[in-house]
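Remarks on the structure that follows.
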Protein chains: 2
Amino acid sequence: MAEVKKIMVAVDDSECSHHALQWALSNLHLYGSDVSLVVFHAQPLAVFNSAATMGVTSPELIEIIVNQQRQVSEAILARAKEMCAQKNVTVETVSEIGDPKDGICDAIDKLQVDLLIIGSHGYGMLKRAFLGSVSNYCVLHAKCPVLVTKKPS
Amino acid sequence: MAEVKKIMVAVDDSECSHHALQWALSNLHLYGSDVSLVVFHAQPLAVFNSAATMGVTSPELIEIIVNQQRQVSEAILARAKEMCAQKNVTVETVSEIGDPKDGICDAIDKLQVDLLIIGSHGYGMLKRAFLGSVSNYCVLHAKCPVLVTKKPS
């Protein structure tokens, strides 16, 4: 059995995803270990698609949207880095534009991740049916073990 | 953030569930730690229900079925114990009669488990629709984080 060498935590702007990172930092004894940690964020295409649907074709407006999206992503990863720094854990951050489901599963393959940690939004059945569940998708499709954390209610 | 103090691995007679236990033993550095390990097995009601459906009402026959079921459960847990012994990890084994989905989630509450580890059978979409997925159910309903392992194909 190959040991875990690389752990990836997938984060978005939700509290549950930062709880997932906090869980990993509190429980996996990463400080001083030879396990490397990656924090991954996908910049969802939904924003770009919405802009296109609303007929936004002006290059200037699209550039503004792209910049805003990048700033949000940078803020999310900066918060993650800060959380890791507080625990003296070195972290690599990776950001991709695209559907989070595919982005996470592709990153697992590309970065050779041995364990994915992801927070569950804890949606009810109805909301889950509409929004889908990124965590559920990853449990089914990721090529590595997946740990789903839950934010205490 | 409360640290993980008790980890439960759910096992059945499948290779994927023994792979889940092996994963835990290889990766969680349980030897010498103060984290306690529970291995849980649910004796599915399906066997009893099938007997009832086939019109088996003889107390002798039912006793034979119950005994066989218990022996299977004991063999599964004995294998798990042996795997833990090889890694010098102390383990508590728990067995319940009932639906594995409910049995696992109830045991998490009752035993105050902080992390569930369960193997994914990796069924295709069709088989999953028929059999349901215990791991998926637990990801959605267990009150603690759930780690789903996958047996390398």
Side-chain angles (χ1 to χ4, degrees), chain A residues 1-7 9 15-16 18-30 32-35 83 86-87 105 108 113-125 127-129 132-153, chain B residues 1-7 9 15-16 18-30 32-35 83 86-87 105 108 113-125 127-129 132-153:
Chain A
M1 167 95 44
E3 286 203 13
V4 169
K5 289 286 172 204
K6 190 177 272 189
I7 293 173
V9 182
E15 275 310 305
C16 78
H18 284 91
H19 179 265
L21 178 57
Q22 199 63 59
W23 191 97
L25 292 169
S26 298
N27 286 299
L28 296 179
H29 311 290
L30 296 169
S33 82
D34 57 354
V35 176
M83 287 167 70
Q86 281 172 11
K87 297 272 187 178
C105 290
I108 286 168
V113 170
D114 302 307
L115 173 65
L116 169 69
I117 302 181
I118 186 165
S120 163
H121 282 256
Y123 293 145
M125 203 183 284
K127 203 164 178 187
R128 209 160 55 228
S133 160
V134 177
S135 54
N136 245 35
Y137 181 91
C138 293
V139 166
L140 289 175
H141 296 98
K143 295 217 180 95
C144 69
V146 179
L147 196 162
V148 182
T149 62
K150 287 129 190 260
K151 196 173 181 308
S153 48
Chain B
M1 166 96 43
E3 286 203 14
V4 169
K5 289 287 172 202
K6 189 179 273 189
I7 294 172
V9 182
E15 275 310 305
C16 79
H18 284 91
H19 179 264
L21 178 57
Q22 199 64 58
W23 191 97
L25 292 169
S26 297
N27 286 300
L28 296 179
H29 311 290
L30 295 168
S33 81
D34 57 353
V35 175
M83 287 166 69
Q86 282 172 11
K87 297 273 188 177
C105 290
I108 286 168
V113 170
D114 303 307
L115 173 64
L116 169 69
I117 301 181
I118 186 166
S120 162
H121 282 257
Y123 293 145
M125 203 184 284
K127 202 164 179 187
R128 209 162 55 230
S133 162
V134 176
S135 53
N136 245 35
Y137 181 91
C138 293
V139 167
L140 289 174
H141 295 99
K143 295 216 179 96
C144 70
V146 178
L147 197 162
V148 181
T149 61
K150 286 127 191 264
K151 197 173 182 309
S153 47

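Here is the naming used below: chain letters follow the sequence lines, and residue numbers restart at 1 for every chain. Bear in mind that the values here come from a model prediction, so they are computed numbers and not experimental data.
Two residues are said to be in side-chain contact when any heavy atoms from C-beta on lie closer than 4.5 Å; A:Asn136 and B:Leu140 meet this criterion. Contact of the A:Ser120 side chain with the B:Val139 side chain is not registered, since no non-hydrogen atoms from C-beta on lie closer than 4.5 Å.
Contacts with chain B were tallied for A:Cys144, A:Ala20, A:Gly119; A:Cys144 has the most, counting heavy-atom pairs under 4.5 Å. Of the listed residues A:Val146, A:Leu25, A:Thr149, A:Val4, the one with more heavy-atom pairs under 4.5 angstrom with chain B than any other is A:Val146.
Of the two parts of A:Leu115, only the side chain, counted from C-beta on, holds a non-hydrogen atom closer than 4.5 Å to a non-hydrogen atom of chain B.
Annotation for A:Lys150 and B:His141: closest pair NZ-N, 4.2 Å, computed over non-hydrogen atoms.
The structure places CH2 of B:Trp23 at 9.0 Å from CG of A:Asp114, a figure rounded to the nearest 0.5 Å.
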